[in-house]
Amino acid sequence: MDEGALRSLAAAARHGDEASFTALVDGLSRTLLAMAYRYTQDWESARDLTQETWFRVHQHFGRWDPARPFTAWLYTIHRNGCRDFLRRPWWTREEALGDPALDRLQGPAGDDPGADLERREFRERILAAAADLSPSQREVFLRVDLEQGDQRAVARALGIRPGTLRVTLHAARKRVAAALRQREELA
Amino acid sequence: MTTEVDCLVFADQMDALVRGTLPVEGARQLRLHAATCPDCATQLRVHEHLVGPSLEALEARVPPALLAGMAQRVLALAGTPPEGALPFPPGPTGGGDARTGRRRVLVPALSAAASLLLFSTGFLVKEVARLREEGAALAQEVAVQRTRLAAQAGGTALDPVARTAALAGSKPLVRALARRKTITVEELLALLAQLPPDRVVVTRAQWGDALQAPSPLGTPLLRELRSRLPPGEALRAGALIRALESSGIGAGVTLRTADLVDLLS
């Protein structure tokens with residue numbers, strides 16, 4: 001769906017049109033799920049985050065400015081929800097037992113629970129280290145390295161030069177690596 | 001002539017290295033540098049871990065079951081009209097007085113819409129309740145199957161899935177620990193802080209056994225705890241937290257959860 005069609009649907013949904021809201025959800029949920037999966041590494045949590053995003057959109061539709069692209073507003077809400085997910089203590093991020101078929105789709109090491117667990121723990125250590133970065137370093141690190149964003153596109157979105165983004169990114173990576181090594185040396 | 005790789009060059013070229021777009025010799029030089037520089041090696045490890053499929057590739061892998069019914073669930077949860085939602089636009093008007101015409105069409109239209117909304121809301125609420133029941137029953141069935149599989153496979157102490165299944169229904173603290181292979185002292189403290197301070201986490205018998213046998217927890221930690229916690233009593237969450245906090249053990253020290261679970265089970 002192009003942005004024009006999305007904007008029309010969003011404008012109608014903003015008026016309470018449930019059919020338009022449903023069309024938005026059906027058209028964009030796949031992208032939101034994929035974005036959330038980068039944070040959660042499991043599809044069940046990605047689904048929960050996506051549902052929460054749509055719930056927030058539904059409840060606060062009046063805050064969207066129809067003069068601006070709908071997806072920009074939507075992705076900001078979704079990204080904030082995913083960042084909040086990272087801040088939750090790890091033992092509260094329940095891994096739902098759910099459908100066994102989904103477990104096979106968790107990732108390359110889905111058939112090896114031990115490797116899968118190590119991968120997730122390493123990821124949590126990385127994200128814990130990223131939480132200690134400065135706000136600008138954290139934003140760049142998450143958008144480029146975690147979300148796999150294109151550096152030029154991220155620089156444009158953040159309103160900074162590509163060179164500035166590169167310097168910030170290098171500094172963030174260095175700090176994350178130093179924090180990880182410090183933890184590993186203490187172990 | 002080869003270019004000497006230093007950390008600045010490595011940082012600049014790491015993306016290309018991980019993407020596989022460097023010439024063979026360039027990639028070799030970078031990996032050689034990483035082999036001798038712990039900082040760059042860790043950066044590379046992190047980056048290789050985070051690099052994954054493109055968003056488009058991930059979108060193609062989304063399980064269809066997750067997409068089904070999402071809008072309906074959200075609408076059922078939302079219930080009330082959204083904040084700032086504008087009113088429905090007025091219905092079509094016929095001839096004559098525009099105001100009367102609008103009223104003649106609008107009132108029945110609103111009544112019909114209200115009836116439809118009530119009916120569909122009632123239907124959706126029932127549907128949500130039915131799906132929740134089915135979900136709970138399914139989760140229970142999967143838990144039973146996993147426990148059965150774990151028992152058949154004779155899951156080892158280090159098989160996390162088998163351990164989780166085997167421990168299903170046991171203490172929440174033990175279940176939480178069983179999901180990890182390692183835990184730092186800082187994380188353990190945060191986990192213990194979730195419990196009431198007087199909650200027994202290690203019984204008197206377990207603590208006595210731990211003090212007698214060679215310690216799986218590691219001598220430094222056990223020495224610290226032994227000097228702060230009396231042998232003849234159960235260990236409660238609050239006392240354990242105080243003992244850990246006043247010990248000389250660093251917050252970043254990593255413990256094996258299998259050893260903690262053995263102590264707590």
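Chain identifiers are assigned alphabetically (A, B, ...) following the order of the sequence lines, protein sequences preceding nucleic acid strands; residue numbering begins at 1 within each chain.
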Asks: A side-chain contact here means heavy atoms from C-beta on lying under 4.5 Å apart; do Gln72(B) and Thr22(A) qualify?
Replies: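 Counting from C-beta outward, Gln72(B) and Thr22(A) do come under 4.5 Å.
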Asks: Are more than 12 heavy atoms from other residues, nucleotides or ligands located less than 6.0 Å from atom CD of Glu186(B)?
Replies: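 Counting neighbours around CD of Glu186(B), 12 or fewer heavy atoms of other residues, nucleotides or ligands fall under 6.0 Å, so no.
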Asks: Step by step, would you call Asp12(B) with Arg166(A) a side-chain contact (heavy atoms from CB on, under 4.5 Å)?
Replies: CA-CA 9 Å; Asp12(B) 206 45; Arg166(A) 210 160 26 246; 4.2 Å; yes
Asks: Please list, chain by chain and in numerical order, all residues satisfying side chain to side chain donor-acceptor pair (under 3.5 Å) with Gln151(A), sequence neighbours excluded.
Replies: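 Gln151(A) satisfies side chain to side chain donor-acceptor pair (under 3.5 Å) with Asp15(B) once adjacent residues are dropped.
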Asks: Is there a side-chain contact between Leu50(B) and Arg38(A) (heavy atoms, below 4.5 Å)?
Replies: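 Answer no - side chains too far apart.
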Asks: Identify the two heavy atoms, one from Trp43(A) and one from Leu58(B), that lie closest to each other, and give their separation to 0.1 Å.
Replies: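 Looking at all heavy atoms of both residues, the shortest contact is CH2-O, 3.8 Å.
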Asks: Heavy atoms under 4.5 Å from chain B: which residues of residues 167-175 of chain A carry them?
Replies: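 Heavy-atom contacts from residues 167-175 of chain A to chain B are His170(A), Arg173(A), Lys174(A).
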Asks: Kindly compute the distance separating CZ (Arg61(B)) from CG (Leu33(A)), expressed to the nearest 0.5 Å.
Replies: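 The CG atom of Leu33(A) is 13.0 Å from CZ of Arg61(B), to the nearest 0.5 Å.
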Asks: Run the side chain to side chain contact (heavy atoms under 4.5 Å, CB included) test against Asp2(A) and tell me which residues pass, sequence neighbours left out.
Replies: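 Asp2(A) satisfies side chain to side chain contact (heavy atoms under 4.5 Å, CB included) with Ala5(A) only.
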Asks: On a heavy-atom basis, which atom in Ser29(A) and which in Met70(B) lie closest, and how many Å separate them?
Replies: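 The pair with the smallest heavy-atom distance is OG-SD, 3.6 Å.
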Asks: If you apply the rule side-chain contact (heavy atoms from CB on, under 4.5 Å), what do you find for His49(B) with Arg125(A), and how did you get there?
Replies: CA-CA 12 Å; His49(B) 174 86; Arg125(A) 299 251 188 267; over 6 Å; no
Asks: Could you walk me through whether Val25(A) and Val74(B) pass the side-chain contact (heavy atoms from CB on, under 4.5 Å) test, one step at a time?
Replies: CA-CA 9 Å; Val25(A) 173; Val74(B) 171; 5.7 Å; no
Asks: How many angstroms lie between atom CG of Asp150(A) and atom CG of Leu55(B), to the nearest 0.5 angstrom?
Replies: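 If we round to the nearest 0.5 Å, Asp150(A):CG and Leu55(B):CG are 12.5 Å apart.
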Asks: Verify whether one side chain among Thr31(A) and Glu59(B) offers a donor that lies under 3.5 Å from an acceptor in the other.
Replies: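 Yes, because at least one side-chain N or O of Thr31(A) sits under 3.5 Å from a partner of the opposite role on Glu59(B).
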Asks: Assess whether side-chain contact (heavy atoms from CB on, under 4.5 Å) is satisfied between Trp54(A) and Arg73(B), documenting all intermediate values.
Replies: CA-CA 10 Å; Trp54(A) 283 121; Arg73(B) 282 195 297 275; over 6 Å; no
Asks: Can you say whether Gln51(A) sits under 4.5 Å from chain B via the side chain, the backbone, both, or neither, judging by heavy atoms?
Replies: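 The answer is both parts of Gln51(A).
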Asks: Which members of residues 136-146 of chain A, sorted by number, sit under 4.5 angstrom from chain B on a heavy-atom basis?
Replies: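 Hits under 4.5 Å: Phe141(A), Asp145(A), Leu146(A).
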